[in-house]
Amino acid sequence: MSVRQFQTLRAFDTLNHNSILSLITKSKSLSQTQQIHAHILKTGNSNDTYFTNNLLSLYLNCQRFTDAESVLHSLPNPNIFSFKALIHASSKSNLFSYTLVLFSRLISACILPDVHILPSAIKACAGLSAVEVGKQVHGFGLTSGLALDSFVEASLVHMYVKCNQLKCARKVFDKMLEPDLVSWSALASGYARRGDVVNAKLVFDQAGKLGIEPNLVSWNGIIAGFNQSGCYPEAVCMFLRMYSEGFRSDGASISSVLPAIGDLEDLKMGVQVHCHVIKMGLECDICIISALIDMYGKCRCTLEMSRVFEGAEETDLGAFNALVAGLSRNGLVDEAFKVFKKFKRRGTELNVVSWTSMIGSCSQHGKDLEALEIFREMQLAKVMPNSVTISSLLPACGNIAALVHGKATHCFSLRNCFPDDVYVGSALIDMYANCGRIQVARLVFDRMPVRNLVCWNAMTSGYAMHGKAKEAIEIFELMQRSGQKPDFISFTSVLSACSQAGLIEQGQYYFNSMSRVHGLQARVEHYACMVSLLGRAGKLKEAYSMMSTMPVEPDSCVWGALLSSCRLHRNTSLGEIAANKLFELEPKNPGNYILLSNIYASNNRWKEVDRVRDRMKYVGLSKNPGCSWIEIKNKVHMLLAGDDLHPQMPHIMEKLRKLSMDMKNSGVSHDMDFVLQDVEEQDKELILCGHSEKLAVVLGILNTNPGTPLSVIKNLRICGDCHLFIKFISSFEGREIYVRDTNRFHHFNEGVCSCGDYW
DNA sequence: CTAGGGTTAG
């Protein structure tokens, strides 16, 4: 009987069971389904589970979940088949939480699930990373005996792999009598996802040796796994191996291998894959578009990157996110910000990735206040931040020592259950260290359940920055005892700690152990540490001769370390060599002229002082505008040197003059070496009083209760006069004052600075 | 009639 016949017969209601059933199985369109449904209701057959179950699957074929749901609700006694149809359909459409809701309803209807339903429920747990629920289902499987089914076992392996519980996955796998391709490949991709290259390849190849040939899905699984764990060379290698073994990639393999190609900056291969994408007609695949944009961005082909974006659908959020990330990766932050604003204005619903990406790009490019503002907007837009958002926002708080904002962000992460994330943990350590709260940083560090290299490095460099060499070394040693191998960054931190504390022997020991014990070739930054280590100790000649043994040309950091040491020890001859080299390497950096003129001034060679200043004027250099930040009552204030834009400036100047008098009365005079202009003494004082760090400290004193500690951040190195002045203020006003400059941390308390004297 | 693979943010 055809549907047309049904429509004519329907008027007579003469259909019997058999004819309706045959209709149900034939019906394809939604309208036909609805007609048959109406008929069943009319003829009073809606209590017949046999009919209604078929009706259910009819609706599901048309993706009408709500209609199917209402049919299920109308059933007085739904049986296992009623649920089975819905559970399978929802699982196929990746509606994981819905699948679990159905599963729990099945249980409360006292229907025992079977081997067909269990895998769908387990898959849902995997999709939601709900490992606790998954374990309960596993437990049910064990008691009911259903867990012996190979399908159930395979889904359990997959679930544990997805939830990052590789030990459990392995346990289930090892108990299997005959693991099939699905379980083998799930396990292999699990190891790959962990970055365990050895085991991933072992499991993958072992299956092949047992005669279980890999298929496209298992190839893709291992490529994706390597990509996700950052094992990029392995991802590319597997992709190539897949080709050589006669498999042809599809969209999934390509979108997984592209990020790897981008990370290796292999543009040639990237272009080849792009051509392949066009040949296969996959250029409209949204995952591939994002991956292509990302690849071109990483290869610094911003033009090609934008071209791929132009070809994307306007609504493709993935492509948009990749573009914003690509632009800011190439330093085009303003460009990224423009695109971001355009999408926001257009009313596109941005997701976590979009917001997080913009926050991260701001905090990485000195737009810290903007990062905080975007975070606020994100919450107004009701987009839930995740752990990545938090670890992108925290550096912004640290950069400008916005402790209150940083603490609020910390609280947010505690409330939202991602305190155990290693990235968040490391970012918290950095933030607290950058805000001067090194003890709190340590507290966070001690409470971390899992630590990786980044956390150890953050803690070591935090101590180094605070001049706490003993503690930095302690952490560095503890790290190695815990089995974590140090990398280049660990050594930079520990060496700079040694250099600041004047621990020559220890510094030399660590420097030598780099290549001897750890097989790491010292980089230019390590030499800079060593030069400053020797230089500070007065071993200027040794420092200079070490520079000639360097495998690479010394850069401005190394020469700068030498020049600073020359200033400390008033060494003119070597200082001139270093300064001249620096004038070549970074002609636009006024700091080098200032250092050289300071060396001459300290040796009373005033003619040369004038000459350096003239030369500086001739090159057209003036001091970089100094800039300081201070957070007062949840608001971050920015102060520029010589700035009169701040509304409280008259009060600040008045207080500054008063403090300056108080300092002179106590017998300390200003350090005029730091004034470059050739002006009268009185004007020199005025210039010094315009330094942004002084303005910030005084603003803090005026606007906080007596005794409140102050934290200031400066964009340049703090000057010697400000150092002197703030030391005085800390005792005179009874304040703890933290100042972070580009070099290190200064903690002023009771007239003393944690780093000792300025030089 | 059930199970396995994809992009973009740290």
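All chains are named by letter (A, B, ...) in the order of the sequence lines, taking the proteins before the strands, and each is independently numbered beginning at 1. The figures here come from the full heavy-atom set of this structure, side chains too, leaving out hydrogens, waters and symmetry mates.
Residue contacts shown for Pro259(A) are limited to sugar-phosphate atoms, with no base heavy atom under 4.0 Å away. Using a 4.0 Å heavy-atom cutoff across all strands shown, Ile117(A) reaches no nucleic acid atom at all. Note on Ile288(A): a base of the nucleic acid sits closer than 4.0 angstrom, heavy atoms only. Ser387(A) comes within 4.0 angstrom of a nucleotide base, judged by non-hydrogen atoms across all strands. As judged by a 4.0 angstrom heavy-atom cut-off over every strand, Asp149(A) is placed among residues making no nucleic acid contact.
No side-chain heavy atom of Met295(A) sits under 4.5 Å from any side-chain heavy atom of Met305(A).
When only modelled atom types and interatomic distance are considered, Ser90(A) and Thr99(A) share a side-chain donor-acceptor pair under 3.5 Å. Between the side chains of Asn416(A) and Asn386(A), no donor-acceptor pair is found at a separation under 3.5 Å. In the model, Ser249(A) has a side-chain atom that pairs as donor or acceptor with a side-chain atom of Tyr243(A) under 3.5 Å.
The interatomic distance linking Ile122(A) (CD1) with dA3(B) (P) rounds to 11 Å, in whole Å. One interatomic measurement links the two molecules: CD1 of Ile390(A) to P of dG10(B), which rounds to 15 Å at whole-angstrom precision. Residue Ile286(A) contributes atom CD1, which lies 10 Å from atom C1' of dG6(B) at whole-angstrom precision. Atom CZ in Phe375(A) sits roughly 19 Å away from atom P in dA9(B) (whole-Å rounding).
Checked against Ile293(A) for a side chain to side chain contact (heavy atoms under 4.5 Å, CB included), the options Leu327(A), Val308(A), Asp316(A) give a single hit: Val308(A).
Out of dG10(B), dG4(B), dA3(B), the shortest distance to the side chain of Asn215(A) is found at dG4(B). If you check dG6(B), dA9(B), dG10(B) against the side chain of Gln228(A), the one that comes closest is dG6(B). Checking dA9(B), dG6(B), dA3(B) against the side-chain heavy atoms of Ser91(A) singles out dA3(B) as nearest. Closest to the side chain of Asp285(A), out of dA3(B), dG6(B), dG10(B), is dG6(B). Of the candidates dG10(B), dT8(B), dT2(B), dT8(B) carries the atom nearest the Asp294(A) side chain, counting heavy atoms from C-beta on.
Cation-pi geometry between Arg105(A) and Phe83(A) is not met at under 6.0 angstrom from the ring centre and within 45 degrees of the axis.
For the contact set between residues 310-325 of chain A and DNA chain B, defined by any heavy atom under 4.0 Å, the members are Gly318(A), Asn321(A), Ala325(A). Near DNA chain B, defined here as any heavy-atom distance below 4.0 Å, the residues from residues 175-193 of chain A are Asp180(A), Leu181(A), Val182(A), listed numerically. Against DNA chain B, the stretch residues 232-256 of chain A makes heavy-atom approaches under 4.0 Å through Asp250(A), Gly251(A), Ala252(A), Ser255(A), Ser256(A). Listed by residue number, the members of residues 151-163 of chain A with any heavy atom below 4.0 angstrom from DNA chain B are Phe151(A), Ala154(A), His158(A), Lys162(A).
Among residues two or more places apart in sequence or in another chain, the salt bridge (charged side-chain N to carboxylate O under 4.0 Å, His left out) test is passed with Lys84(A) by Asp114(A). For Trp219(A), the ring-ring contact (aromatic ring centres under 6.0 Å, His included) partners two or more places apart in sequence, or in a different chain, are Phe204(A), Phe247(A).
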